Protein chains: 2
Amino acid sequence: MAKCRDANKTKETITYSAMELFAKDGYEGVSVESIAKKADINKAMIYYYFKNKAVLYEAVVRNLLDDIYYEILKESKKCKKPIDEMKSFIFTYAKFADENPYLPSLMLSELSVGGRNLPDDMFVGLKRIFSLLRSILKRGEEKGCFEKSLPIMVHFMIVGSINLFITTRQLRLKVENEFGKDICNDCKIEEISEHLFYSIKKMLKGEDT
Amino acid sequence: MAKCRDANKTKETITYSAMELFAKDGYEGVSVESIAKKADINKAMIYYYFKNKAVLYEAVVRNLLDDIYYEILKESKKCKKPIDEMKSFIFTYAKFADENPYLPSLMLSELSVGGRNLPDDMFVGLKRIFSLLRSILKRGEEKGCFEKSLPIMVHFMIVGSINLFITTRQLRLKVENEFGKDICNDCKIEEISEHLFYSIKKMLKGEDT
DNA sequence: CTCCTAACTAACCGTTTAGTTAATTATAAT
DNA sequence: ATTATAATTAACTAAACGGTTAGTTAGGAG
């Protein structure tokens with residue numbers, strides 16, 4: 001890559017390499033030098049485009065959270081009924097996480113240290129994803145198609161299970177012969193989404209509706 | 001603490017201090033020196049009792065996983081029906097995670113990097129917790145009280161949501177005025193367990209049972 | 001062609017890191 | 001009291017770290 005003399009391209013190369021490494025090894029587990037090597041550029045270039053390591057990390061996380069948020073929002077607008085929005089939320093999040101496994105890794109590693117590596121204003125990214133689900137639940141309750149629930153727990157059940165499903169992919173391969181199909185190693189992400197949606201739907205359905 | 005000349009006590013002090021720090025900042029985010037300072041001992045003592053940083057980390061994680069496993073197992077034996085075992089699994093795991101918030105943090109941070117900091121044989125700890133839930137589900141299916149499900153996803157929904165609920169405690173405080181009771185900042189862990197159990201129960205209940 | 005500037009580089013700096021070593025202390029058994 | 005040994009320490013090393021700096025290159029504008 002080196003010496004392409006295209007600022008946008010170089011900056012993007014840095015961001016992408018950083019994303020791969022941060023997702024694999026966490027913020028502290030990655031050295032600026034290793035990002036430079038992966039991007040095949042000089043380390044000083046990273047400081048040319050980003051103030052420091054923390055700012056680069058922020059950019060990476062912000063990019064991913066923006067992307068998933070607008071993707072969910074876009075798909076959500078195609079729906080009419082709350083139940084369809086819920087399905088859309090689950091399928092879109094799962095598909096995105098499957099195609100961008102960096103997101104689940106980064107999200108879990110960041111939440112596991114209580115957002116220590118991110119400035120406060122970065123949580124708008126996480127917050128507005130929750131806000132989306134919360135409004136779906138609220139609308140469903142008002143229309144009488146969802147039972148009352150604890151929004152934050154429903155949210156954690158959905159994103160928690162999808163995130164863990166994605167991040168444990170490699171790990172689960174090692175225990176395939178022990179657990180067989182119970183750990184869904186051969187499942188496509190759509191099957192997972194379908195099962196999850198089916199479960200959440202039953203969960204939210206009133207006792208006698 | 002220093003100079004107590006009690007090997008067991010010193011070793012335990014090291015392990016506990018290490019657990020607190022690893023849970024807060026992750027494996028790479030913690031220096032051996034900082035553990036020594038927290039434990040109020042000389043850094044060399046850590047290398048006297050543990051071969052290196054990685055071995056200390058393993059000991060910390062192994063301790064926690066052993067404790068939670070045997071706790072769940074103990075409570076599980078008091079139950080007769082699969083549905084009671086399920087309730088016991090959820091309540092016991094949640095209570096333990098609430099009292100030992102180091103477990104959720106460590107589990108998430110380790111899973112987010114695909115177990116990079118742990119040797120393969122450490123996953124017996126994670127595996128056998130899943131095995132417990134899996135056997136509960138299987139028994140329930142055989143007795144006809146649970147619908148067929150994807151065990152790994154049920155597992156991830158339970159431990160994923162509980163882990164996230166615990167690790168995001170501090171974070172959620174910052175957005176209390178924005179989301180109010182929707183994020184359950186005042187909820188006791190028993191209320192969370194109750195809601196989770198209620199949800200999972202509905203989820204697993206056959207269409208017309 | 002020349003000059004300016006954005007893009008880029010190699011070498012370096014001070015600090016922190018994981019881990020070692022040789023020497024010292026305290027205790028319990030002989 | 002002597003001795004053996006387990007527990008503890010300060011001082012150290014070599015490597016890796018995040019970040020800086022002074023200087024070089026290349027390409028487009030005039």
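Because the structure is predicted, anything quoted here is derived from the model rather than measured. Naming convention: chains lettered A, B, ... in sequence-line order (proteins, then strands); numbering from 1 in each chain.
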Under the side chain to side chain donor-acceptor pair (under 3.5 Å) definition, can you give me all pairs with a residue in residues 48-60 of chain A, not counting sequence neighbours?
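Those involving residues 48-60 of chain A are A:Tyr57-A:Glu110.
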Side chain to side chain donor-acceptor pair (under 3.5 Å) contacts in which one or both residues fall within residues 78-88 of chain A, not counting sequence neighbours
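Pairs touching residues 78-88 of chain A that pass the test: A:Glu75-A:Lys78, A:Ser76-A:Glu85, A:Glu85-A:Arg139.
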Please report the distance, rounded to the nearest Å, between [atom1] in [X] and [atom2] in [N].
{"X": "B:Asp25", "N": "C:dT16", "atom1": "CG", "atom2": "P", "answer": "16 Å"}
{"X": "A:Ile46", "N": "D:dT20", "atom1": "CD1", "atom2": "P", "answer": "13 Å"}
{"X": "A:Glu28", "N": "D:dC17", "atom1": "CD", "atom2": "P", "answer": "12 Å"}
{"X": "A:Glu33", "N": "D:dA15", "atom1": "CD", "atom2": "C1'", "answer": "13 Å"}
{"X": "B:Tyr57", "N": "C:dA18", "atom1": "OH", "atom2": "P", "answer": "14 Å"}
{"X": "B:Asp40", "N": "D:dA7", "atom1": "CG", "atom2": "C1'", "answer": "15 Å"}
{"X": "A:Met45", "N": "D:dT20", "atom1": "CE", "atom2": "P", "answer": "15 Å"}
{"X": "B:Tyr49", "N": "D:dA6", "atom1": "OH", "atom2": "P", "answer": "11 Å"}

Is A:Lys138 salt-bridged to B:Asp182, cutoff N-O under 4.0 Å?
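B:Asp182 and A:Lys138: salt-bridged.
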Distance-only donor-acceptor hits, side chain of residues 111-125 of chain B, under 3.5 Å, sequence neighbours excluded:
{"from": "B:Ser112", "atom 1": "OG", "to": "B:Leu108", "atom 2": "O", "distance (Å)": "3.4"}
{"from": "B:Ser112", "atom 1": "OG", "to": "B:Ser109", "atom 2": "O", "distance (Å)": "2.9"}
{"from": "B:Arg116", "atom 1": "NE", "to": "A:Asp25", "atom 2": "OD1", "distance (Å)": "2.9"}
{"from": "B:Arg116", "atom 1": "NH2", "to": "B:Glu28", "atom 2": "OE2", "distance (Å)": "2.7"}
{"from": "B:Asp120", "atom 1": "OD1", "to": "A:Lys174", "atom 2": "NZ", "distance (Å)": "3.1"}
{"from": "B:Asp121", "atom 1": "OD2", "to": "B:Arg62", "atom 2": "NH2", "distance (Å)": "3.0"}

Residue A:Lys95 excluded, over 12 heavy atoms near NZ under 6.0 Å:
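No - once you tally the heavy atoms of other residues, nucleotides and ligands closer than 6.0 Å, there are 12 at most.
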Would you indicate, yes or no, if D:dC17 has its OP1 or OP2 atom less than 4.0 angstrom from a side-chain nitrogen or oxygen of A:Ser31?
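Answer yes for this pair, as a side-chain N or O of A:Ser31 is under 4.0 Å from OP1 or OP2.
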If the cut-off is 4.0 Å, is A:Thr10 near the phosphate of C:dA7, judged by side-chain N/O to OP1 or OP2?
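No, A:Thr10 has no side-chain N/O under 4.0 Å of OP1/OP2 on C:dA7.
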Nucleotide by nucleotide, 5' to 3', does protein get under 4.0 Å of the base (B), only the sugar-phosphate (S), or neither (-) in nucleotides 19-29 of chain C, counting heavy atoms?
BBB---BB---
Please enumerate all residues that pass side chain to side chain contact (heavy atoms under 4.5 Å, CB included) together with A:Ser105, with sequence neighbours excluded.
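Scan of A:Ser105 (side chain to side chain contact (heavy atoms under 4.5 Å, CB included), adjacent residues dropped) gives A:Ala23, A:Thr167.
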Going by ring pair (Phe, Tyr, Trp, His ring centres under 6.0 Å), name the residues that satisfy it together with A:His155, two or more places apart in sequence or in a different chain.
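Ring pair (Phe, Tyr, Trp, His ring centres under 6.0 Å) list for A:His155, sorted by chain: A:Phe130.
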Categorize B:Phe50 for me: base, sugar-phosphate, or nothing, with a 4.0 angstrom heavy-atom threshold over every strand shown.
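No contact.
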